[in-house]
Amino acid sequence: MPEQKYNPREIELKWQERWDKDSLYRTVDNDPRPKWYALTMFPYTSGDLHIGHWYAMAPSDTQARYKRMQGYNVLYPMGFDSFGLPAENAAIKRGIHPQKWTMDNIERMRKQVKSMGPMHDWSREIITCLPEYYRWNQWFFLQFYKKGIAYRTKAPVNWCPSCQTVLANEQVLSDGTCERCGTTVTHKELAQWFFKTTKYAEELLNFEGVEWPERIKTMQRNWIGRSDGVEASFGLDVPGVTEKEVRVFTTRVDTIFGVTFLVIAPEHPLVAKVTTKERTAKVQEYVEKARRSTDIERLATGREKTGVFTGAYVTNNFTNDRVPLFVADYVLPGYGTGAVMGVPAHDQRDFDFSKKYGLPIKAVIAPPEGLPKAMTEAYEDDGIMVNSGQFNGLSNTASKDAVAKFAEERRIGKRTVTYRLRDWLVSRQRYWGTPIPMIYCAKCGIVPVPESDLPIELPYDAQFKPTGESPLAYHEGFVNTTCPTCHGKARRETDTMDTFVDSSWYQFRYSSHDYQKAPFDPAKAAQWCPISQYTGGAEHANMHLLYARFFTKAARDLGLITFGEPFKRLFNQGIILGEDHEKMSKSRGNVVNPDEFVDVMGADAVRTFLMFVGPWDHGGSWSSEGLNGISRWLNRVWDLCIRDTSRLPESAPSGENSLLRITHKTIKRVTEDLDKFRFNTMVAAMMEMTNAMGRAWEDKSADRATWKKAIEALVLMLAPSTPHFAEELWEATGHGYSVHNQKWPTWDENLVIDKQITLVIQVNGKVRDRLEVPANVSEDEAKSMALASDKVMSHTKDLQVKTIVYVPGRLINIVVVG
RNA sequence: GCCGGGGUGGCGGAAUCGGCAGACGCGACGGACUUAAAAUCCGUUGGCCGCAAGGCCGUGUGGGUUCAAGUCCCACCCUCGGCACCA
């Protein structure tokens, strides 16, 4: 006999054990059913599974379970993103080894994930900090190196003084702070390893064939920042300088006749060469100051433009004008050519600069109302070209291309595409990461570690104190090695890889997590990948999600896979806030610990609450009261399910609001909501059905067979969201194990379409009456019924009926005038 | 500054091919049960007027289109997110 009372804790532990024992969720590769690969971004091993993890995982587990019931062979794996700074910082603070700290956390978090009752196939678990995983990071690195996608170069790089390591551009927020710790990022000139993400810049802009939120695609497009323009050459003639030109990049080549000065970045290689003797001191001082300033100081909008004259002049090849060459820190060394042309008449920034340094303003685009006598601001809009030689009188938009062609013919410029995207800086001066498999030999230079020597394992006994250099550099046993080429003494690369490398390809490893010959078995990857449905936070738009796309394209070009996009469909959940509607934080004291609630109310209630709280992509606020409400509902469902049906009549009228119709309508609603990730309305639909069942029981309007069918459908629909609860009720209602191997219920469209409808009667747009009519009522019939209504007549008497608007199945609007 | 999301009861949110605004839940109020409380169950719950029947107002603000606007158009305000001296 079933329990009389719903005891969540007891049944959850019972079923979790049973499912585990039976390997209910083991996914096999060779299965005739169509595949469905559902994946949630794997968690970083920070210590505890917080409510945000639950918010990310519960709905995605629900959808994966739904797909499984729909007849898909579902792969829904889980793993741990376990390399990274927090492990090292915790180790430094508390004297625990990062490895122990991490593995202990995994132990705890795995248990917490399991308490949720998800359908993960744990046999495929991935832990990125283990050599069996990270050896393949090293393998990828070697392949990338061979193909020129991994390279080492000296460059001004982002440096986080708190993390004591360099950062990729993506890991510096737009306010110039470190993505991890919020410290202001500074610059250092260092030799570092890069992955050539820019090689795929154009392809990364193309989202054909992927169903991603428009928001994320826009964010990536903004980040990549394609800009079409012209690289124009300005003549340089400084005695003793071999370079005879300065190249600038411009998107406004139509204004090139209005150039009155040129500006190069302080870091530009020409600065030292072209500066005249009498300007040297001033220029050097300016360059020094620029080097010392942070990105925030340098790039702050609205800040007054400063610069310094080099003493040199360049020639505008379009006009033969000689214009002064300036150095200014608003020109960025890494973008375009690191040099820009100054057109004060048509660029506000140049206008301000020219005012400050007394440079001439030459208008070359005339507004429709004509040029003013003296310009007070730049005219940046379109107009008619003037002072532009052969282009005079033409519209600037129409002749932009002609100017570019003209430049190309004269070999003084060429059309170019420039991207904002920079190559991915992947080396880190820290311990807890994948060692970069490179060797420095005094004789042979940079030599890659032979593949057969992989993995290069992290030495356990390192002193991982942050010094600004990798801790591995102080580990003699690690550093000292022999050159694979000449067998002489050599040193290992001691930097480790950015942990985003780990998460760039893990999605493929799940397909064949123990494959020994490559990062993944190509046959298995081809069978399972790309991912059918990926879910995770939007904060990863320009980091993980961009890197993973890059890796996929690179892996494709290595011949490992045939597709170029890792995640076919993407859904971003929102953020779960505290009870006070504020972001959860320890300092606010509003952090919710899911374990406490799971212990008392059960995982099923917590799962359901998180889905019910609002649209998934919208996020929501935690509410203990709200959770109580869910718990109350589950108890009501429990009570309904175990009732003695002999108290119901053998047969009952099957009217419009019969339980049979409600059941079919609910199946339809729940199915469609699950397809569209509308978990909140899915739960609401099941609640409405529950309420209807309560009424049907009270007024005995349902017969036994219909009641049983309704209960059966309800339990099946509950199975994805409340897996333990549904399993228990499935058994309690006389069915065989397991509810999770059942087929998803279907609906009969005939039972969903209403036979009887409520026709709303309006007079001048105001609702005055409602009539219950057959759905197939004729227009004439409906109109005469409407006009005959007492309530309508009291609003139409003494007035003249002008028109009657009839919307079949919905309403009648009687328009009267008086 | 530019791009994108969003402003609906006391609260979270439903409803957008223009057609009953407020589903569902929370909270609140009233009632039942109880010695009492909790739990549970039943009822009421956008505002205003009214004994009632009923009426008027109401989806950020101001205009507009329409028989009909939360939904469409114009202007604006607030808010969240992204990009931002990117040439």
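In what follows, chains carry the letters A, B, and so on, assigned in the order in which the sequence lines appear, proteins first and then strands, with residues in each chain numbered from 1.
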Identify whether any heavy atom of Ser621(A) sits under 4.0 Å from a base atom; if not, whether one sits that close to sugar-phosphate; answer base, sugar-phosphate or nothing. nothing
If you look at every strand shown and take non-hydrogen atoms under 4.0 Å, does His795(A) touch a base, only sugar-phosphate, or nothing? sugar-phosphate
Would you mind reporting whether Leu610(A) and Trp622(A) have side-chain heavy atoms less than 4.5 Å apart? yes
Under 4.0 Å, heavy atoms only, any strand: does Lys766(A) hit a base, just the sugar-phosphate, or nothing? sugar-phosphate
With a distance cut-off below 6.0 Å to the six-membered ring centre and an angular limit of 45° from the axis, does Arg549(A) pair with Trp212(A) as a cation-pi contact? yes
Between Glu698(A) and Arg695(A), is there a side-chain N and carboxylate O pair less than 4.0 Å apart? no
OP1 or OP2 of rG19(B) versus the side-chain N and O atoms of Arg770(A): is any pair under 4.0 Å? no
In Watson-Crick or G-U wobble terms, with both distances under 3.5 Å, the base opposite rU45(B) is rG27(B)
Determine: side-chain N/O of His581(A) to OP1/OP2 of rC11(B), distance under 4.0 Å, yes or no. no
So, is Asn691(A) close to the rG25(B) phosphate, meaning a side-chain N or O under 4.0 Å from OP1 or OP2? yes
Nearest-Å distance for atom pair CD1/P, residues Ile814(A) and rC20(B): 16 Å
Given the side-chain rings of Phe612(A) and Trp633(A), with only the six-membered ring counted for Trp, is the space between their centroids under 6.0 Å? no
Over how many whole Å does the gap from Tyr806(A) atom OH to rA68(B) atom C1' extend? 17 Å
Please report the distance separating the C1' of rU79(B) from the corresponding atom of rU61(B), rounded so that it comes out in whole Å. 15 Å
Any Arg226(A) side-chain nitrogen or oxygen under 4.0 Å from OP1 or OP2 of rC86(B): no
Specify the residue among Arg678(A) and Val613(A) whose closest nucleotide of RNA chain B lies further upstream toward the 5′ end. Val613(A)
If only side-chain N and O atoms of Thr418(A) are considered, is one of them under 4.0 Å from the OP1 or OP2 phosphate oxygen of rC86(B)? no
Of Arg768(A) and Met687(A), the one whose closest RNA chain B nucleotide lies more 5': Met687(A)
Pairing partner (Watson-Crick or G-U wobble, both distances under 3.5 angstrom) of rU34(B): none
Ring centroid separation for Tyr357(A) and Phe309(A), is it under 6.0 angstrom? no
Does the base of rC67(B) carry an N or O that pairs as donor and acceptor with the side chain of Asn813(A) under 3.5 Å? yes
Any side-chain N or O of Arg636(A) less than 4.0 Å from the OP1 or OP2 oxygen of rC41(B)? yes
Complement of rG81(B), any strand, by Watson-Crick or G-U distances under 3.5 angstrom: rC3(B)
